[in-house]
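I have placed the structure first, in the form of C-alpha cells, so that the comments after it can refer back to it.
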Amino acid sequence: MSDPRRRLGRIGERLALEHLERLGYRLVVANHRTRHGEIDLIVCDGRTLVFVEVKTRRSGATVRPWDALHDRKRAQVRRMAAAWLAETEDRPSARELRFDAVAVVVDPDGSLRRLDHLEAAF
C-alpha cells in the first residue's frame, strides 16, 4: 500500500479492532464499500451490532481525530450502515444497533500512543 494516509488508516483500524476484540466483540466485516463510502469496522458481541468509525492521526498532528467526525461524516456513516443492513442477508442477529467512534494516535513508527473509544458516539 503506497498511499501514506491509507496505510495510517489501516494501522488505526487494526489497533481499534484489537481493542474491540479485547472487549469481547468479534469482527463482522472491515472496510466494507458501499455507494456512500467505506465502513471502517462492523463488530458484534452477540447482543449489539456496532458500526465503528475509526479516526487515526500521528502524534503531534495539528488536527485532532475527533475534528473529522462532523455532522456530515456522521450522516454518511449512518447511510453506509443502512446500505449494509439492506444488502446483507447473512448478518449476525443482534437486539441493539450502535454507532461508535475510535480515535487512534500513533507515533511516527506506527506504535500506539493513545486510543479513545466513544460508545454510542452518534
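- A salt bridge links Glu38 to Arg10: at least one charged side-chain nitrogen sits closer than 4.0 Å to a carboxylate oxygen.
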Check against side chain to side chain donor-acceptor pair (under 3.5 Å), His32 and Glu87: CA-CA 12 Å; His32 179 78; Glu87 70 188 29; 2.7 Å; yes

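- Between Glu96 and the options Asp45, Thr48, Val50, Leu49, a side-chain contact (heavy atoms from CB on, under 4.5 Å) holds for only Thr48.
- When all heavy atoms of Trp84 and Arg91 are compared, the closest pair comes out as CH2-CB, 3.5 Å.
- Between Leu112 and Val104 the shortest heavy-atom distance is CD1-CG1, 3.8 Å.
- By the criterion of side-chain heavy atoms lying less than 4.5 angstrom apart, applied directly or through intervening Ile, Leu, Val, Met, Phe, Trp or Tyr residues, Phe51 is not grouped with Leu23; the two fall into different hydrophobic clusters.
- Residues Arg98 and Tyr25 share a closest heavy-atom pair of NH2-OH, 2.8 Å.
- Taking CZ from Arg113 and CZ from Arg58, the interatomic distance works out to 12.5 Å, rounded to the nearest 0.5 Å.
- Atom CG in Leu115 sits 7.0 Å away from atom CG in Leu15 (nearest 0.5 Å).
- Considering CD of Glu18 and CD of Glu13, their distance stands at 12.5 Å, rounded to 0.5 Å.
- By the side chain to side chain donor-acceptor pair (under 3.5 Å) test, His36 is found to be paired with no residue, residues two or more places apart in sequence or in another chain being considered.
- One hydrophobic cluster, built from ILVMFWY side chains closer than 4.5 Å, holds both Val54 and Val43.
- Look at Arg26 and Glu21 and you find no salt bridge, because none of the NZ, NE, NH1 or NH2 atoms lies under 4.0 Å from a carboxylate O.
- Smallest separation of non-hydrogen atoms from Ala68 and Arg57: CB-NH2, 3.4 Å.
- Smallest separation of non-hydrogen atoms from Gly12 and Thr56: CA-OG1, 3.1 Å.
- Atom CZ of Arg78 has more than 12 neighbouring heavy atoms from other residues, nucleotides or ligands inside a 6.0 Å radius.
- Residue Val52 is not grouped with residue Leu85 when hydrophobic side chains (ILVMFWY) are merged at heavy-atom distances under 4.5 angstrom, including chains of intermediate members.
- Side-chain contact between Val106 and Ile11 is present, with heavy atoms from C-beta onward closer than 4.5 Å.
- Residue Asp90 places its CG atom among 12 or fewer non-hydrogen atoms of other residues, nucleotides or ligands, all under 6.0 Å distant.
- Side-chain heavy atoms closer than 4.5 Å link hydrophobic residues (I, L, V, M, F, W, Y) into clusters, and following such links, even through other members, never connects Val29 to Leu17.
- Closest approach of Leu69 and Ala101 over heavy atoms only: CD2-CB, 3.5 Å.
- Annotation: side chain of Leu41 is in contact with side chain of Leu20 (closest heavy-atom distance under 4.5 Å).
- Annotation: side chain of Glu53 is not in contact with side chain of Asp100 (no heavy-atom distance under 4.5 Å).
- Side-chain atoms of Met80 and Val77, non-hydrogen and from C-beta on, do get closer than 4.5 Å to each other.
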